[in-house]
Visitor: 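Structure incoming, see below.
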Amino acid sequence: MAATTTVSGLVAAGVLSGAGTAVADGTDGTPQTEGGATATLNGLKTYGEAVIHEDGGDQRVAAGLFEMSVDGGGTLQTYCVDLRNPTQRDTPYQESSWSETSLGTNKDAGKIRWILQNSYPQVNDLAALARRAGAGTLTEQDAAAGTQVAIWRYSDHAKVDAVDPQAEKLANYLQKTARDLGEPQASLTLDPPAVSGRPGALLGPVTVHTNASAVTVSPPPDAATSGVRITDKTGKAISSAQNGTRLYFHVPDEPANGTAQLTVQASTTVPVGRAFASDSRSQTQILAGSSESTVSATATATWAAEGAIPAVSARKNCAKGGVDIIAANKGDQPFTFELMGAEHTIPAGTTRTVTVPLQEDQAYDFTITGPHGFSHRITGVLDCKTQGAITTLTARLHNEPSPASVGGTTAPDTNLATTGGSAITPLIAGVAIGFVVIGGAVLVVLRKREQPGD
(Lines give C-alpha, C1' and ligand atoms only; values in the text may rest on other atoms or scores of the structure.)
Protein backbone atom coordinates (compact mmCIF):
# COMPACT_ATOMS: atom_id res chain seq x y z
CA MET A 1 0.00 0.00 0.00
CA ALA A 2 2.90 2.33 0.71
CA ALA A 3 4.22 1.68 -2.79
CA THR A 4 0.81 2.46 -4.26
CA THR A 5 0.71 5.78 -2.41
CA THR A 6 4.21 6.67 -3.57
CA VAL A 7 3.47 6.31 -7.29
CA SER A 8 -0.15 7.42 -7.32
CA GLY A 9 0.73 10.94 -8.55
CA LEU A 10 1.15 11.15 -12.33
CA VAL A 11 4.01 12.94 -14.01
CA ALA A 12 2.38 15.42 -16.38
CA ALA A 13 3.79 17.98 -18.80
CA GLY A 14 2.31 20.60 -21.11
CA VAL A 15 3.78 21.89 -24.37
CA LEU A 16 4.13 25.05 -26.40
CA SER A 17 1.49 24.81 -29.07
CA GLY A 18 -0.24 26.70 -31.81
CA ALA A 19 -3.95 27.09 -32.45
CA GLY A 20 -5.90 25.20 -35.03
CA THR A 21 -8.61 22.69 -35.74
CA ALA A 22 -8.65 19.87 -33.20
CA VAL A 23 -6.80 16.82 -34.44
CA ALA A 24 -6.68 13.75 -32.21
CA ASP A 25 -3.59 11.55 -32.17
CA GLY A 26 -3.51 9.06 -29.35
CA THR A 27 -5.54 11.37 -27.08
CA ASP A 28 -7.57 8.58 -25.49
CA GLY A 29 -4.76 7.94 -23.03
CA THR A 30 -4.18 4.33 -23.97
CA PRO A 31 -0.65 3.14 -23.16
CA GLN A 32 1.89 3.39 -25.95
CA THR A 33 2.61 -0.01 -27.47
CA GLU A 34 4.84 -1.38 -30.22
CA GLY A 35 2.15 -3.73 -31.46
CA GLY A 36 1.93 -7.50 -31.27
CA ALA A 37 -0.27 -9.57 -28.96
CA THR A 38 -2.43 -8.14 -26.20
CA ALA A 39 -3.55 -10.69 -23.62
CA THR A 40 -5.23 -11.08 -20.23
CA LEU A 41 -3.62 -13.03 -17.40
CA ASN A 42 -5.74 -16.02 -16.37
CA GLY A 43 -3.49 -17.25 -13.57
CA LEU A 44 -1.00 -19.97 -12.65
CA LYS A 45 -2.02 -23.24 -14.33
CA THR A 46 0.78 -25.85 -14.20
CA TYR A 47 3.08 -25.57 -11.21
CA GLY A 48 5.00 -27.14 -8.37
CA GLU A 49 6.67 -25.56 -5.37
CA ALA A 50 9.93 -23.71 -4.75
CA VAL A 51 11.75 -22.26 -1.77
CA ILE A 52 13.26 -18.79 -1.84
CA HIS A 53 16.14 -18.23 0.56
CA GLU A 54 16.04 -14.71 1.97
CA ASP A 55 17.83 -13.05 4.87
CA GLY A 56 14.59 -13.13 6.83
CA GLY A 57 14.12 -16.88 6.32
CA ASP A 58 12.99 -19.40 3.72
CA GLN A 59 9.71 -18.83 1.91
CA ARG A 60 7.57 -21.21 -0.11
CA VAL A 61 6.04 -20.14 -3.40
CA ALA A 62 4.20 -21.80 -6.26
CA ALA A 63 6.40 -21.94 -9.35
CA GLY A 64 5.36 -22.76 -12.88
CA LEU A 65 3.43 -21.82 -15.99
CA PHE A 66 0.89 -19.03 -16.27
CA GLU A 67 -1.82 -18.92 -18.92
CA MET A 68 -3.04 -15.87 -20.84
CA SER A 69 -5.99 -15.33 -23.19
CA VAL A 70 -5.15 -13.29 -26.29
CA ASP A 71 -7.51 -10.52 -27.36
CA GLY A 72 -9.08 -11.63 -30.63
CA GLY A 73 -8.26 -15.30 -30.05
CA GLY A 74 -5.40 -17.46 -28.88
CA THR A 75 -3.69 -18.72 -25.73
CA LEU A 76 -0.23 -18.03 -24.33
CA GLN A 77 1.89 -19.84 -21.74
CA THR A 78 4.37 -17.75 -19.81
CA TYR A 79 6.87 -17.88 -16.97
CA CYS A 80 7.54 -15.06 -14.53
CA VAL A 81 10.71 -12.95 -14.78
CA ASP A 82 9.76 -10.65 -11.92
CA LEU A 83 9.71 -12.81 -8.79
CA ARG A 84 9.35 -10.10 -6.17
CA ASN A 85 6.29 -8.37 -7.60
CA PRO A 86 2.69 -9.62 -7.15
CA THR A 87 0.57 -11.19 -9.87
CA GLN A 88 -2.80 -9.63 -10.61
CA ARG A 89 -5.36 -11.92 -12.18
CA ASP A 90 -7.33 -10.56 -15.17
CA THR A 91 -4.62 -7.94 -15.81
CA PRO A 92 -4.08 -6.85 -19.45
CA TYR A 93 -0.59 -7.49 -20.83
CA GLN A 94 1.09 -6.22 -23.98
CA GLU A 95 3.82 -7.90 -25.98
CA SER A 96 6.95 -5.80 -25.42
CA SER A 97 10.59 -5.58 -26.37
CA TRP A 98 13.19 -6.57 -23.78
CA SER A 99 14.36 -2.94 -23.58
CA GLU A 100 11.00 -1.98 -22.06
CA THR A 101 11.38 -4.41 -19.14
CA SER A 102 13.98 -5.55 -16.62
CA LEU A 103 15.30 -7.92 -19.31
CA GLY A 104 16.72 -4.93 -21.16
CA THR A 105 19.40 -4.40 -18.52
CA ASN A 106 19.87 -8.08 -17.62
CA LYS A 107 23.05 -9.57 -19.12
CA ASP A 108 21.55 -13.04 -18.65
CA ALA A 109 18.36 -12.42 -20.66
CA GLY A 110 19.68 -14.52 -23.56
CA LYS A 111 20.20 -17.51 -21.24
CA ILE A 112 16.56 -17.25 -20.16
CA ARG A 113 15.50 -17.56 -23.78
CA TRP A 114 17.72 -20.65 -24.16
CA ILE A 115 16.02 -22.24 -21.13
CA LEU A 116 12.60 -21.55 -22.64
CA GLN A 117 13.51 -23.17 -25.95
CA ASN A 118 15.12 -26.22 -24.35
CA SER A 119 12.64 -27.05 -21.60
CA TYR A 120 8.94 -27.52 -20.93
CA PRO A 121 6.56 -26.85 -22.67
CA GLN A 122 8.69 -26.38 -25.82
CA VAL A 123 10.18 -29.79 -25.02
CA ASN A 124 7.11 -31.85 -24.18
CA ASP A 125 8.89 -35.21 -24.23
CA LEU A 126 9.33 -35.29 -20.46
CA ALA A 127 11.13 -38.64 -20.50
CA ALA A 128 13.80 -37.27 -22.85
CA LEU A 129 14.04 -34.05 -20.84
CA ALA A 130 14.46 -36.06 -17.62
CA ARG A 131 17.24 -38.16 -19.18
CA ARG A 132 19.17 -35.08 -20.26
CA ALA A 133 18.81 -33.56 -16.78
CA GLY A 134 19.49 -36.81 -14.92
CA ALA A 135 16.16 -36.26 -13.21
CA GLY A 136 14.64 -39.73 -13.21
CA THR A 137 10.94 -39.12 -13.86
CA LEU A 138 9.40 -35.68 -14.45
CA THR A 139 5.72 -34.78 -14.26
CA GLU A 140 4.39 -31.67 -16.00
CA GLN A 141 4.29 -29.97 -12.61
CA ASP A 142 7.93 -30.89 -11.89
CA ALA A 143 9.03 -29.72 -15.34
CA ALA A 144 7.21 -26.39 -14.97
CA ALA A 145 8.60 -25.80 -11.47
CA GLY A 146 12.17 -26.72 -12.43
CA THR A 147 12.04 -24.48 -15.49
CA GLN A 148 10.68 -21.54 -13.50
CA VAL A 149 13.35 -21.95 -10.80
CA ALA A 150 16.12 -21.93 -13.42
CA ILE A 151 14.64 -18.77 -14.98
CA TRP A 152 14.45 -16.99 -11.61
CA ARG A 153 18.12 -17.66 -10.99
CA TYR A 154 18.86 -15.57 -14.07
CA SER A 155 15.95 -13.10 -14.19
CA ASP A 156 15.98 -12.13 -10.49
CA HIS A 157 19.35 -13.61 -9.48
CA ALA A 158 17.47 -15.19 -6.60
CA LYS A 159 18.62 -17.94 -4.25
CA VAL A 160 15.82 -20.37 -5.01
CA ASP A 161 15.44 -24.16 -5.11
CA ALA A 162 12.66 -26.46 -6.32
CA VAL A 163 11.02 -28.50 -3.55
CA ASP A 164 10.74 -31.69 -5.63
CA PRO A 165 14.18 -33.33 -6.05
CA GLN A 166 13.56 -34.14 -9.73
CA ALA A 167 12.48 -30.57 -10.45
CA GLU A 168 15.61 -29.32 -8.68
CA LYS A 169 17.81 -31.55 -10.88
CA LEU A 170 16.12 -30.06 -13.96
CA ALA A 171 16.67 -26.52 -12.65
CA ASN A 172 20.36 -27.20 -12.05
CA TYR A 173 20.79 -28.76 -15.50
CA LEU A 174 19.10 -25.83 -17.25
CA GLN A 175 21.05 -23.24 -15.29
CA LYS A 176 24.42 -24.88 -16.00
CA THR A 177 23.72 -25.61 -19.66
CA ALA A 178 22.11 -22.30 -20.69
CA ARG A 179 23.78 -20.27 -23.44
CA ASP A 180 23.17 -16.74 -24.68
CA LEU A 181 20.59 -16.26 -27.42
CA GLY A 182 19.45 -13.03 -29.03
CA GLU A 183 16.10 -11.33 -28.49
CA PRO A 184 13.35 -12.82 -30.67
CA GLN A 185 11.60 -10.88 -33.40
CA ALA A 186 8.31 -9.21 -32.51
CA SER A 187 5.19 -10.95 -33.76
CA LEU A 188 4.03 -7.74 -35.48
CA THR A 189 5.20 -4.10 -35.39
CA LEU A 190 5.13 -1.05 -37.64
CA ASP A 191 8.18 1.19 -37.96
CA PRO A 192 7.88 4.05 -37.49
CA PRO A 193 4.49 4.13 -35.75
CA ALA A 194 3.96 7.78 -36.74
CA VAL A 195 4.70 9.74 -39.93
CA SER A 196 3.91 13.24 -41.21
CA GLY A 197 4.05 15.34 -44.38
CA ARG A 198 2.17 17.54 -46.82
CA PRO A 199 -1.34 16.94 -48.19
CA GLY A 200 -1.50 15.57 -51.71
CA ALA A 201 1.52 13.34 -51.11
CA LEU A 202 2.51 9.84 -49.98
CA LEU A 203 3.36 9.87 -46.26
CA GLY A 204 5.73 7.16 -45.10
CA PRO A 205 7.07 4.62 -45.50
CA VAL A 206 5.81 2.55 -42.58
CA THR A 207 7.58 -0.82 -42.66
CA VAL A 208 5.89 -4.04 -41.54
CA HIS A 209 7.93 -6.34 -39.27
CA THR A 210 6.30 -9.69 -38.54
CA ASN A 211 6.86 -13.44 -38.29
CA ALA A 212 3.42 -14.04 -39.84
CA SER A 213 3.20 -15.19 -43.45
CA ALA A 214 0.76 -12.39 -44.25
CA VAL A 215 -1.02 -9.50 -42.53
CA THR A 216 -4.29 -7.74 -43.30
CA VAL A 217 -4.07 -3.99 -43.83
CA SER A 218 -7.10 -1.93 -42.79
CA PRO A 219 -7.44 1.67 -44.04
CA PRO A 220 -8.60 4.52 -41.77
CA PRO A 221 -12.20 4.06 -40.54
CA ASP A 222 -13.27 7.25 -42.36
CA ALA A 223 -11.40 6.44 -45.58
CA ALA A 224 -14.58 6.62 -47.68
CA THR A 225 -15.14 10.27 -46.73
CA SER A 226 -11.57 11.46 -46.08
CA GLY A 227 -10.11 10.01 -49.25
CA VAL A 228 -7.03 8.68 -47.43
CA ARG A 229 -5.79 5.37 -48.89
CA ILE A 230 -3.07 2.92 -47.86
CA THR A 231 -0.79 2.22 -50.82
CA ASP A 232 2.65 1.07 -51.97
CA LYS A 233 5.22 3.60 -53.18
CA THR A 234 3.59 3.70 -56.65
CA GLY A 235 0.23 4.70 -55.18
CA LYS A 236 -1.40 1.29 -55.67
CA ALA A 237 -3.86 0.43 -52.89
CA ILE A 238 -2.74 -2.33 -50.50
CA SER A 239 -5.03 -4.59 -48.44
CA SER A 240 -2.45 -7.21 -47.42
CA ALA A 241 1.26 -7.21 -46.65
CA GLN A 242 4.12 -9.34 -45.38
CA ASN A 243 7.38 -8.90 -43.50
CA GLY A 244 9.32 -6.01 -45.03
CA THR A 245 6.38 -4.45 -46.90
CA ARG A 246 6.47 -0.64 -46.97
CA LEU A 247 3.14 1.09 -46.53
CA TYR A 248 2.22 4.68 -47.37
CA PHE A 249 -0.66 7.00 -46.53
CA HIS A 250 -1.96 8.51 -49.78
CA VAL A 251 -3.36 11.85 -48.58
CA PRO A 252 -5.63 14.03 -50.80
CA ASP A 253 -5.07 17.77 -51.29
CA GLU A 254 -8.03 18.60 -49.07
CA PRO A 255 -8.40 19.01 -46.16
CA ALA A 256 -5.16 20.94 -45.73
CA ASN A 257 -4.69 19.65 -42.17
CA GLY A 258 -5.60 16.27 -40.73
CA THR A 259 -4.65 12.91 -39.32
CA ALA A 260 -5.35 9.26 -40.15
CA GLN A 261 -4.58 5.82 -38.79
CA LEU A 262 -3.96 2.43 -40.38
CA THR A 263 -4.18 -0.95 -38.66
CA VAL A 264 -2.51 -4.24 -39.57
CA GLN A 265 -3.58 -7.59 -38.14
CA ALA A 266 -2.43 -11.18 -38.47
CA SER A 267 -2.80 -14.65 -36.98
CA THR A 268 0.50 -16.22 -35.92
CA THR A 269 2.37 -17.91 -33.08
CA VAL A 270 4.16 -15.37 -30.91
CA PRO A 271 7.92 -16.12 -30.76
CA VAL A 272 9.20 -17.83 -27.61
CA GLY A 273 11.10 -15.38 -25.42
CA ARG A 274 8.95 -12.31 -26.13
CA ALA A 275 8.32 -10.23 -22.99
CA PHE A 276 4.83 -9.35 -21.76
CA ALA A 277 4.37 -6.35 -19.49
CA SER A 278 1.44 -4.60 -17.83
CA ASP A 279 0.90 -1.04 -16.65
CA SER A 280 -0.51 -2.19 -13.31
CA ARG A 281 2.75 -3.47 -11.76
CA SER A 282 1.68 -7.08 -12.21
CA GLN A 283 4.64 -9.43 -12.72
CA THR A 284 6.50 -9.16 -16.01
CA GLN A 285 6.16 -12.40 -17.98
CA ILE A 286 8.17 -14.11 -20.72
CA LEU A 287 6.61 -16.28 -23.39
CA ALA A 288 7.11 -20.05 -23.19
CA GLY A 289 4.47 -21.18 -25.71
CA SER A 290 1.80 -19.80 -28.03
CA SER A 291 -1.16 -21.11 -29.94
CA GLU A 292 -2.17 -19.43 -33.20
CA SER A 293 -2.97 -15.95 -31.87
CA THR A 294 -4.28 -12.61 -33.11
CA VAL A 295 -1.71 -9.82 -33.26
CA SER A 296 -2.06 -6.24 -34.44
CA ALA A 297 -0.29 -2.89 -34.75
CA THR A 298 -1.23 0.66 -35.70
CA ALA A 299 0.45 3.68 -37.28
CA THR A 300 -0.69 7.29 -37.61
CA ALA A 301 -0.13 10.01 -40.17
CA THR A 302 -0.39 13.78 -39.68
CA TRP A 303 -0.34 16.37 -42.45
CA ALA A 304 -0.51 20.15 -42.85
CA ALA A 305 -0.13 22.62 -45.70
CA GLU A 306 2.45 24.79 -43.93
CA GLY A 307 4.47 25.25 -40.75
CA ALA A 308 5.74 22.49 -38.48
CA ILE A 309 4.29 19.01 -39.08
CA PRO A 310 5.10 16.80 -36.09
CA ALA A 311 4.93 13.02 -35.81
CA VAL A 312 5.39 11.71 -32.27
CA SER A 313 5.78 8.23 -30.80
CA ALA A 314 7.15 6.85 -27.52
CA ARG A 315 8.76 3.77 -26.00
CA LYS A 316 10.11 2.83 -22.58
CA ASN A 317 13.89 2.79 -22.30
CA CYS A 318 14.96 0.79 -19.25
CA ALA A 319 18.66 1.22 -20.03
CA LYS A 320 18.27 4.97 -19.51
CA GLY A 321 15.56 4.73 -16.84
CA GLY A 322 12.92 6.71 -18.67
CA VAL A 323 10.67 7.10 -21.70
CA ASP A 324 12.00 7.98 -25.15
CA ILE A 325 9.89 10.53 -27.02
CA ILE A 326 10.64 10.23 -30.74
CA ALA A 327 9.62 13.44 -32.51
CA ALA A 328 9.88 13.96 -36.28
CA ASN A 329 9.15 17.20 -38.11
CA LYS A 330 8.43 17.08 -41.85
CA GLY A 331 7.40 20.74 -41.99
CA ASP A 332 9.20 23.94 -43.04
CA GLN A 333 9.33 25.48 -39.55
CA PRO A 334 10.78 24.22 -36.22
CA PHE A 335 8.53 22.22 -33.90
CA THR A 336 9.00 23.36 -30.30
CA PHE A 337 7.48 21.73 -27.25
CA GLU A 338 8.03 21.78 -23.49
CA LEU A 339 8.37 18.59 -21.44
CA MET A 340 9.19 18.24 -17.73
CA GLY A 341 10.14 21.91 -17.55
CA ALA A 342 12.58 21.74 -20.48
CA GLU A 343 12.01 23.17 -23.94
CA HIS A 344 12.85 21.03 -26.98
CA THR A 345 13.06 22.14 -30.60
CA ILE A 346 12.92 19.79 -33.58
CA PRO A 347 14.25 21.61 -36.66
CA ALA A 348 12.39 21.28 -39.94
CA GLY A 349 13.12 18.01 -41.74
CA THR A 350 14.72 16.25 -38.76
CA THR A 351 13.95 13.59 -36.17
CA ARG A 352 15.10 13.77 -32.55
CA THR A 353 14.74 11.49 -29.52
CA VAL A 354 14.12 13.08 -26.11
CA THR A 355 14.50 10.81 -23.08
CA VAL A 356 12.34 11.75 -20.11
CA PRO A 357 13.97 10.41 -16.91
CA LEU A 358 11.57 8.76 -14.45
CA GLN A 359 11.78 6.93 -11.15
CA GLU A 360 11.09 3.21 -10.97
CA ASP A 361 7.36 2.43 -10.66
CA GLN A 362 6.50 6.01 -11.59
CA ALA A 363 3.30 6.58 -13.54
CA TYR A 364 3.52 9.10 -16.36
CA ASP A 365 1.00 11.00 -18.44
CA PHE A 366 2.43 13.34 -21.09
CA THR A 367 0.43 15.27 -23.66
CA ILE A 368 2.42 16.82 -26.48
CA THR A 369 0.56 19.32 -28.63
CA GLY A 370 1.52 21.30 -31.69
CA PRO A 371 0.24 23.43 -34.56
CA HIS A 372 -3.04 22.74 -36.34
CA GLY A 373 -4.51 21.10 -33.22
CA PHE A 374 -1.94 18.29 -33.06
CA SER A 375 -2.16 16.36 -29.76
CA HIS A 376 -0.48 13.14 -28.69
CA ARG A 377 -0.94 11.62 -25.24
CA ILE A 378 1.56 9.15 -23.77
CA THR A 379 0.73 7.18 -20.62
CA GLY A 380 2.11 4.25 -18.69
CA VAL A 381 4.18 3.11 -15.72
CA LEU A 382 7.96 2.70 -15.74
CA ASP A 383 8.63 -0.88 -14.59
CA CYS A 384 12.27 -1.70 -15.27
CA LYS A 385 13.51 -3.45 -12.14
CA THR A 386 12.74 -6.43 -9.98
CA GLN A 387 12.20 -5.47 -6.36
CA GLY A 388 14.68 -5.97 -3.54
CA ALA A 389 12.92 -8.34 -1.15
CA ILE A 390 9.84 -10.53 -0.90
CA THR A 391 7.25 -9.31 1.58
CA THR A 392 6.49 -11.86 4.31
CA LEU A 393 2.76 -12.31 4.79
CA THR A 394 0.56 -14.89 6.44
CA ALA A 395 -2.52 -14.35 4.27
CA ARG A 396 -3.03 -16.76 1.35
CA LEU A 397 -5.33 -16.94 -1.62
CA HIS A 398 -7.97 -19.66 -1.43
CA ASN A 399 -6.42 -21.56 -4.33
CA GLU A 400 -2.88 -21.46 -2.96
CA PRO A 401 -1.11 -24.80 -2.63
CA SER A 402 -0.71 -25.75 1.02
CA PRO A 403 2.81 -24.98 2.27
CA ALA A 404 5.02 -27.82 3.44
CA SER A 405 8.22 -27.82 5.44
CA VAL A 406 11.58 -27.51 3.72
CA GLY A 407 14.42 -29.53 5.21
CA GLY A 408 12.18 -30.29 8.18
CA THR A 409 11.53 -26.65 9.09
CA THR A 410 9.56 -23.70 7.83
CA ALA A 411 10.19 -20.10 8.76
CA PRO A 412 7.23 -18.50 10.57
CA ASP A 413 4.76 -16.43 8.60
CA THR A 414 6.26 -17.30 5.23
CA ASN A 415 3.27 -18.41 3.16
CA LEU A 416 2.94 -16.96 -0.32
CA ALA A 417 0.28 -17.68 -2.88
CA THR A 418 1.74 -17.58 -6.39
CA THR A 419 5.08 -16.41 -7.66
CA GLY A 420 5.85 -12.92 -6.49
CA GLY A 421 3.78 -12.91 -3.32
CA SER A 422 0.30 -12.06 -4.54
CA ALA A 423 -0.93 -12.98 -1.06
CA ILE A 424 -1.02 -9.26 -0.41
CA THR A 425 -4.35 -9.15 -2.23
CA PRO A 426 -6.51 -10.47 0.64
CA LEU A 427 -4.63 -8.27 3.12
CA ILE A 428 -5.47 -5.14 1.15
CA ALA A 429 -9.07 -6.32 0.78
CA GLY A 430 -9.33 -6.90 4.54
CA VAL A 431 -8.01 -3.43 5.32
CA ALA A 432 -10.41 -1.89 2.82
CA ILE A 433 -13.40 -3.73 4.31
CA GLY A 434 -12.32 -2.59 7.75
CA PHE A 435 -12.33 1.04 6.66
CA VAL A 436 -15.79 0.62 5.13
CA VAL A 437 -17.16 -0.82 8.40
CA ILE A 438 -15.61 1.97 10.47
CA GLY A 439 -16.95 4.61 8.08
CA GLY A 440 -20.47 3.13 8.30
CA ALA A 441 -20.37 3.16 12.10
CA VAL A 442 -19.33 6.81 12.15
CA LEU A 443 -22.22 7.77 9.87
CA VAL A 444 -24.72 5.98 12.13
CA VAL A 445 -23.46 7.83 15.22
CA LEU A 446 -23.56 11.21 13.47
CA ARG A 447 -27.11 10.67 12.23
CA LYS A 448 -28.32 9.80 15.75
CA ARG A 449 -26.83 13.02 17.07
CA GLU A 450 -28.37 15.19 14.36
CA GLN A 451 -31.94 15.20 15.72
CA PRO A 452 -34.53 17.78 14.53
CA GLY A 453 -34.10 21.08 16.37
CA ASP A 454 -30.47 20.51 17.32
Side-chain angles (χ1 to χ4, degrees), residues 12-27 32 34 189-209 220 226-235 246-262 297-317 320 322-357 364-378:
V15 296
L16 303 179
S17 61
T21 306
V23 176
D25 180 13
T27 56
Q32 303 305 297
E34 292 187 350
T189 60
L190 293 174
D191 182 38
V195 295
S196 60
R198 299 294 186 199
L202 293 178
L203 309 189
V206 175
T207 304
V208 177
H209 298 286
S226 68
V228 177
R229 296 183 297 125
I230 308 303
T231 71
D232 61 16
K233 65 180 180 180
T234 68
R246 294 186 174 187
L247 306 175
Y248 294 82
F249 291 84
H250 186 281
V251 178
D253 293 327
E254 295 293 338
N257 309 316
T259 187
Q261 183 179 80
L262 71 85
T298 61
T300 59
T302 304
W303 64 89
E306 60 183 9
I309 315 174
V312 175
S313 60
R315 59 170 177 253
K316 296 177 186 177
N317 186 335
K320 294 184 177 180
V323 175
D324 286 342
I325 310 296
I326 302 95
N329 178 13
K330 295 295 185 180
D332 53 19
Q333 295 180 13
F335 170 50
T336 300
F337 62 95
E338 185 178 307
L339 198 57
M340 298 284 290
E343 186 177 278
H344 306 278
T345 298
I346 314 300
T350 65
T351 299
R352 299 281 172 84
T353 298
V354 176
T355 302
V356 181
Y364 55 88
D365 190 343
F366 308 122
T367 298
I368 297 176
T369 61
H372 314 296
F374 174 87
S375 180
H376 189 92
R377 186 176 177 186
I378 303 162

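What's counted below: heavy atoms across the whole structure, side chains too, no hydrogens, waters or symmetry copies.
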Visitor: Given side-chain contact (heavy atoms from CB on, under 4.5 Å), test Thr351 with Asn329 step by step and report yes or no.
Guide: CA-CA 6 Å; Thr351 299; Asn329 178 13; over 6 Å; no
Visitor: Can you tell me how far apart NZ (Lys330) and CD1 (Ile309) are? Round to the nearest 0.5 Å.
Guide: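 Spacing of NZ (Lys330) from CD1 (Ile309) equals 10.0 Å.
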Visitor: For residues Val323 and Ala314, report the shortest heavy-atom separation together with the two atoms involved.
Guide: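 Taking every non-hydrogen atom into account, CG1-CB, 4.2 Å.
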Visitor: Thinking salt bridges, do Asp365 and Arg377 make one under a 4.0 Å N-O criterion?
Guide: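 Salt bridge between Asp365 and Arg377, a charged N being under 4.0 Å from a carboxylate O: yes.
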Visitor: Backbone N or O of Ala301 within a donor-acceptor pair of the Thr259 side chain at under 3.5 Å?
Guide: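 Yes; judged by distance alone, with no hydrogens or angles, the pair exists.
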Visitor: What's the spacing between Ile346 CD1 and Thr353 OG1 if we round to 0.5 Å?
Guide: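 Ile346 CD1 to Thr353 OG1: 8.5 Å, rounded to 0.5 Å.
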Visitor: Is the closest side-chain heavy-atom distance between Val208 and Leu190 below 4.5 Å?
Guide: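 The answer is yes; the side chains approach within 4.5 Å.
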Visitor: Would you name the heavy atoms of Glu306 and His372 that are closest together and state the gap between them?
Guide: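 Looking at all heavy atoms of both residues, the shortest contact is O-NE2, 3.0 Å.
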Visitor: Drop me the distance from Phe374's CZ to Asn257's CG, to the nearest 0.5 angstrom.
Guide: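 Atom-to-atom, Phe374:CZ and Asn257:CG are 13.0 Å apart.
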Visitor: Any side-chain heavy-atom pair from Arg352 and Phe335 closer than 4.5 angstrom?
Guide: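 Result no, sub-4.5 Å side-chain heavy-atom pair not found.
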Visitor: Are Phe337 and Val312 side-chain neighbours, meaning at least one heavy-atom pair lies under 4.5 Å?
Guide: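 Of all side-chain heavy-atom pairs linking Val312 with Phe337, none is under 4.5 Å.
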Visitor: Rounded to the nearest 0.5 Å, how far does CD1 of Ile368 lie from CD1 of Ile325?
Guide: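 Between atom CD1 of Ile325 and atom CD1 of Ile368 there are 5.0 Å.
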Visitor: Between atom CG of Asp324 and atom OG of Ser313, what is the distance when rounded to the nearest 0.5 Å?
Guide: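 That separation rounds to 9.5 Å.
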Visitor: Does a donor on one side chain sit under 3.5 Å from an acceptor on the other, for Thr369 and Ser375?
Guide: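 No - no donor-acceptor pair under 3.5 Å links their side chains.
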Visitor: Looking only at non-hydrogen atoms, find the nearest pair between Ala342 and His344 and report the distance.
Guide: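 Minimum heavy-atom contact is O-CD2, 3.4 Å.
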Visitor: Of all heavy-atom pairs between Val228 and Ala260, which one has the smallest distance, and what is that distance?
Guide: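 Closest approach of Val228 to Ala260: CG1-CB, 4.0 Å.
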Visitor: Out of the candidates Leu203, Val195, Thr231, only one should pair with Tyr248 under the side chain to side chain contact (heavy atoms under 4.5 Å, CB included) rule; please name it.
Guide: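 Going through the options one by one, the only one that passes is Thr231.
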Visitor: As an exercise, state the distance from CD of Gln261 to CD1 of Ile230, rounded to the nearest 0.5 Å.
Guide: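 Going from the CD atom of Gln261 to the CD1 atom of Ile230 covers 10.0 Å.
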Visitor: Which pair of heavy atoms, one from Asp253 and one from Gly200, lies closest together, and at what distance?
Guide: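 Nearest heavy atoms, Asp253 then Gly200: OD1-CA, 3.1 Å.
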Visitor: Under the salt bridge (Lys or Arg N to Asp or Glu O under 4.0 Å) test, which residues partner Arg198, sequence neighbours left out?
Guide: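 Scan of Arg198 (salt bridge (Lys or Arg N to Asp or Glu O under 4.0 Å), adjacent residues dropped) gives Asp332.
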Visitor: Which atom names give the shortest non-hydrogen contact between Ala299 and Val206, and what distance separates them?
Guide: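 Shortest heavy-atom contact: CB-CG1, 4.0 Å.
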Visitor: Determine whether a donor-acceptor pair (N or O, by modelled atom type, separation under 3.5 Å) exists between the side chain of Trp303 and the backbone of Pro255.
Guide: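 Side chain of Trp303 to backbone of Pro255, a donor-acceptor pair under 3.5 Å: yes, one is there.
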